[in-house]
Amino acid sequence: VDLNHEPNHEPCRSSTGYVSPTLQLLREEGVEILAVGVSVDQAEIEEFFRCIVQDFDTQFFLASDFSALDSLSQNVGDLICSDVSLIINEVGLLQNCTGAGETLYFIELYNAGIGVDLQNFRFEGLINFDITQPTFVDQGQYWVISTYDMSLIDQDVCRGCGQD
């Protein structure tokens with residue numbers, strides 16, 4: 001295998017310390033990167049794969065050939081399919097809940113799985129909302145995103161909202 005092929009075509013090279021702008025950006029954004037080497041030797045692993053992942057022992061997988069990829073699916077799946085089970089439980093609107101004729105739009109999330117941090121989640125559409133701070137929702141908890149400050153809702157006016 002020629003390790004001197006087209007320079008800077010790879011995400012990184014251990015021998016030169018090169019890291020592509022794309023790999024740098026992914027790391028800055030906190031993206032977890034997994035790498036799978038198919039039919040590669042130790043020199044290729046050291047040069048091109050060790051520098052891609054942050055934790056080589058848990059994020060690099062080796063397959064002897066493409067038919068061996070199936071046997072890796074459980075290991076890779078365990079990393080990318082955790083026990084997070086965040087459910088959009090309810091999407092709705094409440095009319096005139098401020099006593100001033102305004103409509104309140106909301107999204108209610110329910111966490112049926114393990115605790116999760118919603119930081120960097122983004123909602124677009126009925127409600128546009130970016131979660132920029134650490135926001136932990138433990139198992140069994142609900143979390144509501146609203147177009148209105150929920151503390152200002154007139155509970156007497158709102159009682160029975162949405163029911164005709």
Side-chain angles (χ1 to χ4, degrees), residues 1-93 104-150:
V1 172
D2 179 13
L3 297 182
N4 295 315
H5 62 284
E6 190 178 340
N8 301 340
H9 176 71
E10 307 81 20
C12 61
R13 289 187 75 130
S14 295
S15 63
T16 64
Y18 171 76
V19 176
S20 73
T22 301
L23 182 56
Q24 288 175 3
L25 181 61
L26 290 170
R27 287 178 176 167
E28 288 169 11
E29 293 295 321
V31 174
E32 183 174 357
I33 299 170
L34 306 179
V36 177
V38 179
S39 188
V40 294
D41 62 29
Q42 192 61 40
E44 292 171 303
I45 291 169
E46 294 301 323
E47 181 68 6
F48 301 112
F49 289 96
R50 190 168 290 277
C51 58
I52 291 176
V53 295
Q54 298 294 320
D55 183 348
F56 185 80
D57 293 331
T58 62
Q59 297 172 327
F60 174 74
F61 301 89
L62 181 60
S64 56
D65 55 38
F66 283 100
S67 64
L69 289 175
D70 188 48
S71 66
L72 294 177
S73 64
Q74 180 66 43
N75 295 338
V76 173
D78 288 345
L79 284 175
I80 60 175
C81 300
S82 69
D83 294 327
V84 172
S85 183
L86 199 59
I87 299 166
I88 297 177
N89 193 54
E90 186 174 357
V91 177
L93 63 93
L104 164 75
Y105 296 97
F106 68 93
I107 298 173
E108 180 183 270
L109 302 177
Y110 174 70
N111 185 6
I114 62 171
V116 65
D117 182 4
L118 300 180
Q119 185 173 6
N120 297 322
F121 274 52
R122 167 180 278 174
F123 295 87
E124 294 180 353
L126 180 66
I127 295 175
N128 295 312
F129 190 77
D130 292 315
I131 303 171
T132 59
Q133 300 296 317
T135 304
F136 295 94
V137 181
D138 288 326
Q139 182 177 21
Q141 286 188 325
Y142 293 86
W143 194 76
V144 176
I145 305 164
S146 170
T147 57
Y148 200 78
D149 182 347
M150 298 295 281

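Note that these values count all heavy atoms, side chains included, but never hydrogens, waters or copies made by symmetry. What you see is a predicted model; the values in this text were computed from it and never measured.
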Where do Leu109 and Phe121 land on the side chain to side chain contact (heavy atoms under 4.5 Å, CB included) test, with the steps shown first? CA-CA 12 Å; Leu109 302 177; Phe121 274 52; 5.8 Å; no
If I compare all heavy atoms of [X] with all of [Y], which pair ends up nearest, and what's the gap?
X: Ile87; Y: Ala112; result: CD1-CB, 3.9 Å
X: Phe49; Y: Ala35; result: CD2-CB, 3.9 Å
X: Cys12; Y: Leu23; result: CB-CD2, 3.9 Å
X: Gln119; Y: Gln133; result: CB-O, 3.5 Å

Using modelled atom types and a 3.5 Å cut-off, is there a donor and acceptor pairing between side-chain atoms of [X] and backbone atoms of [Y]?
X: Asp65; Y: Ser67; answer: yes
X: Arg27; Y: Ile52; answer: yes
X: Ser14; Y: Glu46; answer: yes

Distance in Å, [X] [atom1] paired with [Y] [atom2], rounded so as to fall on 0.5 Å steps:
X: Leu34; Y: Gln54; atom1: CG; atom2: CD; answer: 11.5 Å
X: Asn111; Y: Trp143; atom1: CG; atom2: CH2; answer: 12.5 Å
X: Leu118; Y: Phe136; atom1: CG; atom2: CZ; answer: 9.5 Å
X: Glu108; Y: Tyr142; atom1: CD; atom2: OH; answer: 6.0 Å

Yes or no on side chain to side chain contact (heavy atoms under 4.5 Å, CB included) for Asn120 and Ile131, after CA distance, side-chain angles and deciding distance? CA-CA 5 Å; Asn120 297 322; Ile131 303 171; over 6 Å; no
Verify the neighbour count for atom CG of Leu25: are there more than 12 heavy atoms of other residues, nucleotides or ligands below 6.0 Å? yes
Please evaluate residues Phe129 and Arg122 with respect to the criterion side chain to side chain contact (heavy atoms under 4.5 Å, CB included), reporting the C-alpha separation (whole Å), side-chain torsions for both, the decisive distance (0.1 Å), and the verdict. CA-CA 6 Å; Phe129 190 77; Arg122 167 180 278 174; over 6 Å; no
Kindly indicate, with the supporting measurements, whether the criterion side chain to side chain contact (heavy atoms under 4.5 Å, CB included) is fulfilled by Glu29 and Leu26. CA-CA 5 Å; Glu29 293 295 321; Leu26 290 170; 5.9 Å; no
Whether the Gln59 and Glu32 side chains hold a donor-acceptor pair (N or O, under 3.5 Å, no angle test) is what I'd like checked. yes
Kindly assign one of parallel, tilted or perpendicular to the pair Phe56 and Phe60, based on the angle between their ring planes and the thresholds 30° and 60°.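 If you compare the ring of Phe56 with that of Phe60, the planes turn out parallel.
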